[in-house]
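What follows is a set of notes on a single structure, which appears directly below.
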Amino acid sequence: MEPEENLLEGAKDLVEEYYRAQGGRPEKPQRGKRKSMTGPKQTTEKSEPKRRRKSRAEAATETPDEDDDLPNWVPRSKNWENEVQSVDTILRDAETSTLIAYLHWKNGKKSKVSLETCYEKCPRKMLKFYEEHLVFKEG
């Protein structure tokens, strides 16, 4: 018998003995959804409120005054043309003086996104919005 064969035979017995000492063979981890990191923390200390992260695409509700109440949501895709149902309105942000578009998504969600992002991700929806809001004046 070669030395490798002796090691293999003994290794199996050692592994079985180890599993018996540990209370059984461990199970393979189940692949599943990752746990959300957004849930409330279970701490007894009072902590400072989290600062809101500034992003180019922030969530909004039906009215611009309530945009702090909903979680942020935008698709991960590069092109939003097939995911945006419509551009609701465009307003100037009072704090930053930038233009913000309020989008309605086909999945029923609504969000607040910078105009630059809209031009990049859904230019045809922006063009449709502008065409629908054109007003011709007779002079």
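These numbers were taken from a predicted model, which means no experiment stands behind them.
Every residue was checked against the side-chain contact (heavy atoms from CB on, under 4.5 Å) condition with D13, not counting sequence neighbours, and none meets it. In this view, K125 and E81, V84, V87, C122 satisfy the side-chain contact (heavy atoms from CB on, under 4.5 Å) rule, not counting sequence neighbours. For the side-chain hydrogen bond (donor to acceptor under 3.5 Å, both in side chains) test, residues two or more places apart in sequence or in another chain that qualify with D93 are T96. In this structure S77 satisfies the side-chain hydrogen bond (donor to acceptor under 3.5 Å, both in side chains) test together with E83, sequence neighbours excluded. Contacts of L99 classified as side-chain contact (heavy atoms from CB on, under 4.5 Å), with partners at least two apart in sequence or in another chain: I90, R92, L115. Scored by the side-chain contact (heavy atoms from CB on, under 4.5 Å) test, E16 finds R20 as partners (sequence neighbours excluded).
In K106, the NZ atom is crowded: over 12 heavy atoms of neighbouring residues, nucleotides or ligands sit closer than 6.0 Å. Within 6.0 Å of CG in N107 there are more than 12 heavy atoms belonging to other residues, nucleotides or ligands. Under a cut-off of 6.0 angstrom, the local environment of CD in E132 is crowded, with over 12 non-hydrogen atoms contributed by other residues, nucleotides or ligands.
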task: Tell me, with the steps shown, if D88 and F129 meet side-chain contact (heavy atoms from CB on, under 4.5 Å).
output: CA-CA 8 Å; D88 182 40; F129 174 81; over 6 Å; no
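Going from atom CD of E120 over to atom CG of N79 covers 10.5 Å, rounded to the nearest 0.5 Å. Summarising the geometry, atom NE2 belonging to H104 is positioned 5.0 Å from atom OG belonging to S86; distances are rounded to the nearest 0.5 Å. The structure places OG1 of T117 at 12.5 Å from NZ of K112, a figure rounded to the nearest 0.5 Å. Here the straight-line distance linking atom OG1 of T89 with atom CG of L103 works out to 11.0 Å at 0.5 Å rounding.
The shortest side-chain heavy-atom distance between W80 and V74 falls under the 4.5 Å cut-off.
Ring planes of Y119 and Y130: tilted class, angle from 30 to 60°.
Between W73 and K109, the shortest heavy-atom distance links the atoms CD1-NZ, 3.5 Å. For the residue pair K121 and K78, the shortest heavy atom distance occurs at CD-O, 3.2 Å.
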